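Right, one structure below, let's go through it.
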Protein chains: 2
Amino acid sequence: MSSAAEFPGSEAEPGNLADRPYPGGIPDATVARLPVYLRALYALAERGVTTVASDELARSAGVNSAKLRKDLSHLGSYGIRGVGYDVEYLVYQVSRALGLTQRWPVVIIGAGNLGRALANYGGFLNRGFRIEAVLDSDPSLVGRKLGSVIVRHVSELEALVAEHGIAIGVIAVPAGAAQAMCDRLVATGVTSILNFAPLVLNVPGGVDVRKVDLSIELQILAFHAQRRSTARFVQATDRAAAEA
Amino acid sequence: MSSAAEFPGSEAEPGNLADRPYPGGIPDATVARLPVYLRALYALAERGVTTVASDELARSAGVNSAKLRKDLSHLGSYGIRGVGYDVEYLVYQVSRALGLTQRWPVVIIGAGNLGRALANYGGFLNRGFRIEAVLDSDPSLVGRKLGSVIVRHVSELEALVAEHGIAIGVIAVPAGAAQAMCDRLVATGVTSILNFAPLVLNVPGGVDVRKVDLSIELQILAFHAQRRSTARFVQATDRAAAEA
DNA sequence: CGGACTTTGTGCATTCATTCACAATCGACG
DNA sequence: CGTCGATTGTGAATGAATGCACAAAGTCCG
Ligand SMILES: NC(=O)c1ccc[n+]([C@@H]2O[C@H](COP(=O)([O-])OP(=O)(O)OC[C@H]3O[C@@H](n4cnc5c(N)ncnc54)[C@H](O)[C@@H]3O)[C@@H](O)[C@H]2O)c1
Ligand SMILES: NC(=O)c1ccc[n+]([C@@H]2O[C@H](COP(=O)([O-])OP(=O)(O)OC[C@H]3O[C@@H](n4cnc5c(N)ncnc54)[C@H](O)[C@@H]3O)[C@@H](O)[C@H]2O)c1
């Protein structure tokens with residue numbers, strides 16, 4: 001992969017774009033899509049594609065191509081007009097924008113059904129993240145091997161965070177214990193939290209919480225399903241009303 | 001743009017609100033928050049609270065109170081000025097808006113780490129959903145009991161969907177098999193899909209796909225974590241530059 | 001070397017979402 | 001029964017996101 005020097009951006013005098021790549025900040029909506037683009041780019045790279053136009057990349061990412069180009073334009077001007085984007089170079093730029101040039105140490109709290117699935121899952125370890133520890137309060141789980149790590153007791157949380165410089169905590173404990181675990185994470189200096197427990201976590205400013213909530217997703221699906229199934233009925237009602 | 005049918009008797013008759021509760025449709029952003037409100041309401045109800053003001057409910061849901069009120073106003077006018085909302089009644093109204101007065105039959109495809117965690121999880125079964133079947137292609141998993149159901153072979157998909165009137169499919173198979181499973185679900189008439197596999201599913205119009213993607217969430221966290229950690233550096237750099 | 005062709009990057013209009021701020025409306029209470 | 005404090009519901013202002021459409025900028029080929 002090597003040097004970026006031969007690509008636009010480095011030579012074409014955009015000021016000190018190299019020093020501070022994303023001056024105006026990247027919109028949240030864009031940040032949320034960058035990982036999708038990144039995945040599509042990896043898939044292309046694996047198929048041996050070296051260059052891709054916004055149109056095709058947008059299709060694999062499931063978005064409008066103008067949106068894709070505008071998103072990428074927030075990172076800099078890395079395309080070549082008339083040609084498209086160099087896949088490998090764009091992978092690098094998107095990774096850099098997302099902060100994936102370093103590998104982030106992660107702790108998972110809770111080794112139940114979900115925590116085990118997460119710890120066993122190799123998918124997000126590959127790129128950008130490493131699970132440094134899995135913790136549980138249940139003594140019968142401590143010592144068990146999950147994926148590549150051994151379950152430790154939750155009392156070791158603070159020590160492990162300090163030792164491994166952990167920046168991201170994943171909460172996979174029952175809802176009743178989640179806020180307390182969150183508080184401990186925050187007190188230890190963790191400022192990025194991924195929450196699976198079904199409640200709204202309370203955190204001070206400067207701490208970033210994202211949630212993954214299956215029930216919510218299902219309920220949103222149910223809403224649309226209901227809307228679709230009543231659409232026919234409403235149409236019929238409308239016709240009846242129009243005749244009256 | 002042209003279709004006048006989109007604005008159904010807009011100013012003519014506000015009277016039939018009861019007949020068609022949500023005339024203009026509920027904004028997506030609102031739909032996505034209703035489940036959060038619902039959860040907060042259940043928590044209040046369990047604590048014995050019978051009435052709640054938008055301010056407090058908004059706090060437990062982690063949103064601005066004006067936003068909460070506007071969201072709820074899309075369902076109808078169910079508050080009492082000077083008092084607040086009746087918790088039990090609002091639970092009913094939000095449930096109804098989300099389509100949770102019926103119980104939705106769900107099929108989970110894939111009984112691996114994740115599928116097992118989902119099937120064992122009682123959380124979203126309580127309200128609004130029931131797992132009717134868990135399917136896998138691995139014969140050694142077929143017959144195993146997960147939660148309250150027994151794993152069946154994936155070849156039974158079409159029959160089970162028809163038999164149980166399944167409307168929602170959950171995809172928890174490896175990425176390589178996800179699109180094929182999705183196609184089969186769609187062909188069988190399932191129009192609501194929750195996808196855990198890390199790829200963008202391709203579906204025809206009228207089919208609703210939502211995704212849960214842990215890698216994406218972690219990457220978004222990484223972005224903000226990086227931004228926070230470079231903020232100090234940039235500030236220092238700025239001062240240095242200002243002095244030069 | 002020049003012109004046809006392709007594709008990016010972005011200005012602009014439009015739509016969607018958030019937040020503010022307050023009149024309208026309610027129960028409570030004297 | 002009228003006043004008062006509380007709270008809703010919503011116009012209007014602001015801000016964010018989307019998608020169109022096209023000039024600018026490149027490639028490619030004859
Ligand atoms: N399993 C799923 O599919 C699923 C789906 C949606 C949401 N969730 C949510 O994810 C969370 C975990 O779910 P699960 O199915 O793994 O639950 P689980 O009960 O299987 O596991 C929870 C684990 O957390 C441990 N634990 C409890 N208190 C703890 C504490 N204070 N510190 C450390 N560990 C503690 C328990 O010992 C247990 O091992 C829950 O909040 C659940 O609501 C799970
Ligand atoms: N486990 C996690 O924490 C996690 C996290 C993020 C994403 N995911 C994604 O969720 C999906 C499932 O993850 P997992 O950890 O459970 O994987 P897994 O390998 O443990 O399980 C996959 C299961 O699907 C079955 N399967 C394969 N092809 C099938 C087919 N055509 N029809 C039916 N079943 C089939 C396999 O037999 C296996 O039991 C994957 O796409 C994965 O990328 C998982």
Side-chain angles (χ1 to χ4, degrees), chain A residues 6-9 11-15 17 21-34 36-37 41 49-87 89-90 93-94 220, chain B residues 1-3 6-7 10-11 14 17 21-34 36-37 41 49-59 61-87 89-90 93-94 220:
Chain A
E6 59 208 61
F7 289 104
E11 39 191 342
E13 217 305 298
L17 239 175
Y22 324 120
I26 304 180
D28 283 349
T30 294
V31 172
R33 284 186 294 265
L34 289 179
V36 181
Y37 303 155
L41 286 166
V49 179
T50 61
T51 277
V52 66
S54 66
D55 227 342
E56 191 190 338
L57 182 54
R59 211 174 13 255
S60 8
V63 302
N64 179 297
S65 78
K67 182 150 63 178
L68 168 66
R69 287 198 299 277
K70 185 156 290 189
D71 283 343
L72 293 182
S73 78
H74 286 111
L75 316 191
S77 187
Y78 301 131
I80 305 172
R81 294 173 189 227
V83 176
Y85 300 87
D86 182 89
V87 172
Y89 183 55
L90 199 53
Q93 289 297 344
V94 175
I220 295 172
Chain B
M1 308 290 186
S2 49
S3 164
E6 297 217 2
F7 309 97
S10 11
E11 30 221 63
L17 241 173
Y22 324 121
I26 305 179
D28 283 349
T30 294
V31 172
R33 284 186 294 265
L34 289 179
V36 181
Y37 303 154
L41 286 167
V49 178
T50 62
T51 277
V52 65
S54 66
D55 228 341
E56 190 190 339
L57 182 54
R59 213 176 10 257
V63 302
N64 179 299
S65 78
K67 182 149 63 177
L68 168 67
R69 288 199 299 277
K70 184 153 288 190
D71 283 343
L72 292 182
S73 78
H74 286 110
L75 316 191
S77 186
Y78 300 131
I80 305 171
R81 296 175 187 224
V83 177
Y85 300 87
D86 182 88
V87 172
Y89 184 53
L90 198 52
Q93 289 298 345
V94 174
I220 294 172

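First the proteins, then the strands, lettered A, B, ... as listed; each starts at 1. Please read all numbers here as calculations on a predicted model, not as lab measurements. Only heavy atoms go into these numbers, but all of them, side chains included; no hydrogens, no water, no symmetry mates.
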Min side-chain heavy-atom separation Leu90(B)-Leu72(B) under 4.5 Å: yes

Protein-to-nucleotide contact annotation, 5' to 3' order, nucleotides 18-23 of chain C [B base; S sugar-phosphate only; - none; under 4.0 Å, heavy atom]: SBBB--

Proximity to the side chain of Ser54(A) - top-ranked nucleotide from dA17(C), dG9(C), dT8(C): dT8(C)

Phosphate contact (dC26(C) OP1 or OP2) by Tyr85(B) side-chain N/O below 4.0 Å: no

Could you list the donor-acceptor pairs under 3.5 angstrom formed between side-chain atoms of residues 27-34 of chain A and any protein atom two or more places apart in sequence or on another chain?
from: Thr30(A); atom 1: OG1; to: Asp71(A); atom 2: OD1; distance (Å): 2.6
from: Arg33(A); atom 1: NE; to: Tyr37(A); atom 2: OH; distance (Å): 3.4
from: Arg33(A); atom 1: NE; to: Asp71(A); atom 2: OD2; distance (Å): 2.6
from: Arg33(A); atom 1: NH2; to: Asp71(A); atom 2: OD1; distance (Å): 3.0
from: Arg33(A); atom 1: NH2; to: Asp71(A); atom 2: OD2; distance (Å): 3.2

For Arg69(A), all residues meeting salt bridge (Lys or Arg N to Asp or Glu O under 4.0 Å), sequence neighbours excluded: none

Intermediate values then yes/no, side-chain contact (heavy atoms from CB on, under 4.5 Å), Val83(A) and Thr51(A): CA-CA 8 Å; Val83(A) 176; Thr51(A) 277; 3.8 Å; yes

Worked check of side-chain contact (heavy atoms from CB on, under 4.5 Å) between Asp55(B) and Leu68(B): CA-CA 9 Å; Asp55(B) 228 341; Leu68(B) 168 67; over 6 Å; no

Aromatic ring proximity, centroids under 6.0 angstrom, Tyr85(A) and Tyr78(A): no

Leu57(A) CG to dG9(C) C1', straight-line distance once rounded to whole Å: 15 Å

Under 3.5 Å: donor-acceptor pair, side chain of Ser60(A), backbone of Glu56(A): yes

Contact interval (first through last nucleotide) of DNA chain D with protein chain B, 4.0 Å heavy-atom: dA6(D) to dA12(D)

Residues in side chain to side chain contact (heavy atoms under 4.5 Å, CB included) contact with Ala53(B), at least two apart in sequence or another chain: none

Contact nearer the 5' end of DNA chain C, comparing Gly82(A) with Leu72(A): Gly82(A)

